[in-house]
Amino acid sequence: MQIGQTTKVRSFPHVDGNYALHVYIPINISSPSKKELAPFLKKISYRDPSLYAVDVDVPLNILCKNDEKLEQVALGREFHISLGRTVPIRVHQIDSVVSMLRQKLQTQHQSYWIDFHKWEIFVNDDRTRTFLSVEVVQGGLVEICKQIEAVNAIYKLHNLPEFYEDPRPHISLAWALGDTSHSLKKVVDEELKKCVVGKSLKKCIFTCKFKGIECKIGNKTYTICKISDRQ
């Protein structure tokens with residue numbers, strides 16, 4: 001299965017002269033969407049207390065005790081849709097990688113809607129972390145896959161490992177230590193069934209606009225392409 005897009009857990013050791021490369025679409029959840037997502041996260045965290053908020057590393061069930069904290073801390077940060085694996089590159093490759101990414105991806109002048117329709121569970125490659133995620137399965141999927149293809153081509157030219165053959169764009173909202181995918185999926189599926197019965201499944205969906213692509217190398221973030229807010 002695919003790794004969640006949190007960049008704090010790397011699948012490679014640190015080597016002097018190497019920098020972690022991550023290419024991604026920044027995602028910010030709107031205030032109305034946070035209010036729709038929060039109740040479902042509460043239900044999941046109540047049943048699975050092993051979950052932590054992504055990147056913040058605070059237990060989700062603690063944040064769930066305060067609606068404002070849940071929305072601000074767990075859902076208020078910038079999330080990422082990965083367009084390539086997080087991989088190590090050498091310092092002499094940085095300018096070339098950034099230049100090629102801009103050349104290939106700056107032609108993306110049109111904004112589009114990204115629809116997160118599906119709750120899904122992902123496990124990282126070494127099965128040390130499990131992620132509760134929302135996946136893009138319809139709106140935006142074609143555009144994102146084309147962007148992944150472009151990033152793959154650049155990775156290939158620099159002898160970097162390419163992305164998964166069957167990409168499944170998503171953002172991760174929470175994580176748990178180890179491979180807890182079976183139990184977490186069971187909890188999510190059971191809560192989703194209740195949503196269907198209660199006709200409140202829309203609480204599991206949110207939409208946002210594509211506004212650009214960024215690339216993080218080490219501690220530095222590069223803007224690869226940016227869409228004007230006027231569009």
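Since this is a predicted model, take the numbers as computed values, not measurements. Computed over heavy atoms, backbone and side chain alike; hydrogens, waters and symmetry mates excluded.
Geometrically, Arg85 engages Tyr164 in a cation-pi contact, judged by NZ or CZ lying under 6.0 Å from the ring centre and within 45° of the ring axis.
Here the shortest heavy-atom pairing between Pro26 and Ile213 reads CD-CA, 4.3 Å. Shortest non-hydrogen contact noted between Phe79 and Ala74 is CZ-O, 3.3 Å. Across every non-hydrogen atom of Tyr112 and Gln147, the tightest pair is OH-OE1, 3.1 Å. Among all heavy-atom pairs drawn from Val87 and Pro161, the shortest one is CG1-CG, 3.5 Å. Between Lys209 and Ser111, the shortest heavy-atom distance links the atoms CD-OG, 3.7 Å. Scanning all heavy atoms of the two residues, the minimum distance from Glu78 to Asn28 falls at CA-OD1, 3.6 Å.
Counting heavy atoms from C-beta on, the side chains of Cys208 and Ile29 never come closer than 4.5 Å. By the 4.5 Å heavy-atom criterion applied to side chains, Leu132 and Leu41 are counted as neighbours. Using a 4.5 Å cut-off on side-chain heavy atoms (C-beta onward), Arg168 and Phe122 make contact. The shortest distance between side-chain heavy atoms of His170 and Glu120 does not fall below 4.5 Å. The shortest distance between side-chain heavy atoms of Glu191 and Tyr46 does not fall below 4.5 Å. Contact check for Val136 versus Phe116: side-chain heavy atoms found under the 4.5 Å cut-off. Counting heavy atoms from C-beta outward, Tyr155 and Val23 have side chains that approach closer than 4.5 Å. By the 4.5 Å heavy-atom criterion applied to side chains, Asp55 and Arg77 are counted as neighbours.
Considering CD of Gln93 and CG of Leu160, their distance stands at 5.5 Å, rounded to 0.5 Å. Interatomic distance, NE2 of His158 versus CZ of Arg90, reported as 14.0 Å (0.5 Å rounding). Remark: Lys156 NZ to Glu162 CD distance equals 5.5 Å, nearest 0.5 Å. The distance from the OH atom of Tyr19 to the CG atom of Asn219 is 9.5 Å, given to the nearest 0.5 Å. Rounded to the nearest 0.5 angstrom, Ile171 CD1 and His80 NE2 are separated by 10.0 Å. Annotation: the span from Ile81 atom CD1 to Ser172 atom OG amounts to 10.5 Å, rounded to 0.5 Å.
Tracing side-chain contacts under 4.5 Å through hydrophobic residues (I, L, V, M, F, W, Y), one reaches Val97 starting from Val91; they form part of the same cluster. By the criterion of side-chain heavy atoms lying less than 4.5 angstrom apart, applied directly or through intervening Ile, Leu, Val, Met, Phe, Trp or Tyr residues, Leu192 is not grouped with Val137; the two fall into different hydrophobic clusters. Hydrophobic clustering, with ILVMFWY side chains joined whenever heavy atoms are under 4.5 angstrom apart, groups Met100 together with Ile89. In the hydrophobic clustering of this structure, Leu141 does not group with Trp113; members are Ile, Leu, Val, Met, Phe, Trp, Tyr whose side-chain heavy atoms approach within less than 4.5 Å, directly or through other members.
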What do the steps show when you test Leu105 against Val151 for side chain to side chain contact (heavy atoms under 4.5 Å, CB included), and what is the final call?
CA-CA 8 Å; Leu105 295 167; Val151 173; 4.1 Å; yes
Let me see the working for Tyr52 and Trp175 under ring-ring contact (aromatic ring centres under 6.0 Å, His included), right down to the final yes or no.
CA-CA 5 Å; Tyr52 287 77; Trp175 65 271; 4.8 Å; yes
Where do Thr86 and Leu21 land on the side chain to side chain contact (heavy atoms under 4.5 Å, CB included) test, with the steps shown first?
CA-CA 5 Å; Thr86 300; Leu21 163 68; over 6 Å; no
Check the pair Leu83 / Ile144 against side chain to side chain contact (heavy atoms under 4.5 Å, CB included), numbers first and verdict last.
CA-CA 8 Å; Leu83 299 178; Ile144 293 170; 3.9 Å; yes
Using side chain to side chain contact (heavy atoms under 4.5 Å, CB included), reason through Leu60 and Leu70 one step at a time and then give a plain yes or no.
CA-CA 8 Å; Leu60 196 58; Leu70 177 62; 4.1 Å; yes
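When atom types are taken as modelled, the side chain of Thr223 and the backbone of Glu214 share no donor-acceptor pair closer than 3.5 angstrom. Under the 3.5 Å distance criterion, the side-chain polar atoms of Asp115 are left unmatched by any main-chain donor or acceptor of Gln138. A donor-acceptor pair under 3.5 Å is formed between the side chain of Asn152 and the backbone N or O of Phe163. The main-chain N or O of Ala20 is never found under 3.5 Å from a side-chain atom of His22 such that the two would form a donor-acceptor pair.
Residue Val123 is tested with Thr128, Thr180, Thr130, Leu184 for a side-chain contact (heavy atoms from CB on, under 4.5 Å); the sole match is Thr130.
With a 6.0 Å radius and a threshold of 12 heavy atoms from other residues, nucleotides or ligands, Glu190 has its CD atom above the threshold.
Using a 4.0 Å cut-off between charged nitrogen and carboxylate oxygen, Lys146 and Glu149 do not count as a salt-bridge pair.
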